[in-house]
Amino acid sequence: MQNAKKFLFARNWQKALLPAFICCCVIFSLPPTAFAKDKVDLLVTGGTVVTMDGQRRVIEDGAIAIRGDSIVAVGPRAEIENKFEAVQTIDAHGALVLPGLINGHAHAAMSLFRGLADDLALDEWLQKYIFPAEARNVSPEFVEWGTKLGVLEMLRGGITTYADMYYFEDVVARVTKEAGMRGVLGETIIDFPAPDNKTLEQAFAYTQKYLDHWKGDSLIVAAVAPHSIYTCSEKTLQDAAALARRNSSPILIHIAEARFELEQSRAKHGATPVAYMERIGLLGPDVVGAHCVWVDQADIATLAHFNVGCINNPSSNMKTAAGVMPLPEMLASGEPIGLATDGAASNNNQDLFEEMDLAAKLQKIARMDPRALPAKQVVELATINGARALHLEKTIGSLETGKKADFILIGTGAPHATPMYDVYSELVYALKASDVCTVVIAGKIVMKDRQMLTLDEKEILAKAQEYKAKIAASLATPAPK
Ligand SMILES: [Zn+2]
């Protein structure tokens, strides 16, 4: 009996194992790829993916696979899920998935001057208020907290890359890097004593050290930023350009922002600002020019010839009544054009959704032509065209295999965004910065469901209030002799 039981057990055991054995043989005889999925770090699944790639594909129920800091695949969800398995997944159902927005010109630290002086012409605003306020308040600590405030606002509104021009730019770079944000950050060079460097010699030495410090960084592109042709001599401009070019760094500069700049340039140099800059050897494919408002057809051809990135700042230009950039003509010339907020002191916020809306409407009303700048072209300015303007189009600006994983999820369920017929029209005319729910930069989640993961929001806002009191007090007393 005992033996019979043992026999039966052995038979049953063999019976039970037989199918498993056959199964294993099938598994092991198949190529390993038949079942194994490629491992990635992050999958974003189920959203409407607005790629901004060469074909401007919009993929309903799409997905993105990310390994490290880069995109390894973009496509329909079923296809991507079949191919990849991830350590972490973000469910994007009901959201738009867009390349991170690119703010082509800002002065992040100036967020602490938000609303300090408004309703003034650019030269009066600068000379009477901003330059004195800067002389009395700008320190490394000011730049640290001001940049934190600016970066916080930008990230919350879906900006993943920004270009900056300010003082103590090494501090700006450190704060930006710590926040996990991408930046093209230019140390300002200007002909009068600046808050960080009292002489040009010091400014050039500081800038060289700054460029050396950030060389080869994965998020920060250190740049040289001669302020403008009206605050820098010919020699300063040429020396700044030479310094940038010796270090293969971009040159950030304000170009033809206001009418006075054009008039001064004609009187002093017998040329428009663009023609003067060409004459002194400043223009090149490494230059990013903010504003480019007062440019004629010959200037536009010159800027296009040198592949100068030109940045449109509609809010700032409207607020200081600087003028209207001839955007349609500039786009027609093929030159790379981006969109920007400018500093919060002249805007008064860092909201690129607002800039998209205003860029479109400003061109329409200025020409009395609603076709002047369509929504799709505006989204291009804030993404792929903005990347071209910063000369970073190989790295960012669209959701494509091989590019850096910089993207945002935008909720579309709010009353002001419902219903949606066309993604581009939705993005430009309906959605708000506050609809951005999740932000990923270089594959890292920086904001998740509107919770900031890299910055202490409460502390930053409290510090900004403290600075307001200090700045107001500094302006209430007469200027130090
Ligand atoms: Zn500016």
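Keep in mind that what you see is a predicted model, and the values were worked out from it rather than measured. All residue numbers in this chain count up from 1 along the given sequence.
- No more than 12 heavy-atom neighbours from other residues, nucleotides or ligands sit within 6.0 angstrom of NZ on Lys83.
- Contact detail for Ile71 and Ala405: the closest heavy-atom pair is CG1-CA, 3.8 Å.
- You'll find the side chain of Thr45 stays beyond 4.5 Å of the side chain of Ile80, heavy atoms only.
- Using a 4.5 Å cut-off on side-chain heavy atoms (C-beta onward), Ile410 and Glu426 make no contact.
- Closest non-hydrogen pair, Phe260 versus Asp123, comes out as CE2-CB, 3.9 Å.
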task: Go through His291 and Asn313 one step at a time and tell me if the side-chain contact (heavy atoms from CB on, under 4.5 Å) criterion holds.
output: CA-CA 6 Å; His291 302 294; Asn313 300 263; 3.3 Å; yes
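- In this structure, the separation between CG on Asn385 and CE on Met52 is 9.0 Å, given to the nearest 0.5 Å.
- When all heavy atoms of Leu200 and Ile190 are compared, the pair lying nearest together is CD2-O, 3.6 Å.
- The shortest distance between side-chain heavy atoms of Asp299 and Trp294 does not fall below 4.5 Å.
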| query | Passes side-chain contact (heavy atoms from CB on, under 4.5 Å), Cys310 versus Met325? Steps please. | reply | CA-CA 10 Å; Cys310 298; Met325 184 197 226; 3.8 Å; yes
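- Using modelled atom types, one side-chain atom of Tyr206 and one backbone atom of Asp170 make a donor-acceptor pair closer than 3.5 Å.
- Summarising the geometry, atom CG belonging to Asp342 is positioned 8.5 Å from atom CD belonging to Gln350; distances are rounded to the nearest 0.5 Å.
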Can you list the steps and then say if Phe84 with Val72 is a side-chain contact (heavy atoms from CB on, under 4.5 Å)? CA-CA 10 Å; Phe84 299 98; Val72 292; 4.1 Å; yes
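- Put simply, CE on Met356 and CZ on Phe353 are 4.5 Å apart, with the number rounded to the nearest 0.5 Å.
- Residues His107 and His254 bring their aromatic ring centres within 6.0 Å.
- Note: Phe113 and Phe142 meet the aromatic proximity criterion, with ring centroids under 6.0 Å apart.
- When the shell of 6.0 Å around NZ of Lys215 is examined, it contains more than 12 heavy atoms from other residues, nucleotides or ligands.
- Side chains of Phe204 and Asp239 form a contact here, defined as non-hydrogen atoms less than 4.5 Å apart.
- Between Phe407 and Thr160, the closest side-chain pair of non-hydrogen atoms is not below 4.5 Å.
- By the neighbour-count criterion of 12 heavy atoms within 6.0 Å, atom CZ of Arg67 is densely surrounded, having more than that number from other residues, nucleotides or ligands.
- Of the possible polar contacts, one joining the Arg156 side chain to the Arg450 backbone as a donor-acceptor pair under 3.5 Å is found.
- Side-chain atoms of Tyr162 and Thr341 form no donor-acceptor pair, as typed in the model, at a separation below 3.5 Å.
- Between Glu187 and the choices Val224, Leu211, Leu243, Asn197, the side-chain contact (heavy atoms from CB on, under 4.5 Å) rule is met once, by Asn197.
- Salt bridge present: Glu144 and Lys148 bring a charged side-chain N and a carboxylate O closer than 4.0 Å.
- For the pair Leu303 and Cys292, the tightest heavy-atom approach, listed with the atom from each and the gap, is CD1-SG, 4.4 Å.
- Results of the salt bridge (Lys or Arg N to Asp or Glu O under 4.0 Å) test with Asp69 over Arg182, Lys404, Lys444 single out Lys404 as the only residue that passes.
- Between Asp286 and His391, the side chains place no donor N or O within less than 3.5 Å of an acceptor N or O (distance only, hydrogens not considered).
- Note that the CD1 atom of Ile66 and the CG atom of Leu43 stand 7.0 Å from one another [nearest 0.5 Å].
- Looking at Lys376 and Glu380, no side-chain N of the basic residue comes within less than 4.0 Å of a carboxylate O on the acidic one, giving no salt bridge.
- Within the 4.5 Å cutoff, the side chain of Pro250 has heavy atoms near those of the Val221 side chain.
- Here the closest non-hydrogen pair linking Leu390 and Ala163 is CD2-CB, 3.9 Å.
- Proximity of Ile159 to Asp351: side-chain heavy atoms (C-beta onward) are nowhere separated by under 4.5 Å.
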message: Set out, in order, the CA-CA distance, both residues' side-chain angles and the distance that settles side-chain contact (heavy atoms from CB on, under 4.5 Å) for Leu219 and Thr176, then state yes or no.
response: CA-CA 9 Å; Leu219 287 175; Thr176 305; over 6 Å; no
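- Here Met277 contributes atom CE and Thr302 contributes atom OG1; the two are 11.5 Å apart, rounded to the nearest 0.5 Å.
- The minimum heavy-atom distance linking Val439 with Leu155 is given by the pair CG2-O, 3.4 Å.
- Put simply, OG1 on Thr161 and CD1 on Ile441 are 7.0 Å apart, with the number rounded to the nearest 0.5 Å.
- Glu355 and Asn312 are not linked by any side-chain donor-acceptor pair at a separation below 3.5 angstrom, with hydrogens and angles left out of the test.
- Looking at heavy atoms from C-beta onward, Leu327 lies out of side-chain contact with Leu362 at the 4.5 angstrom threshold.
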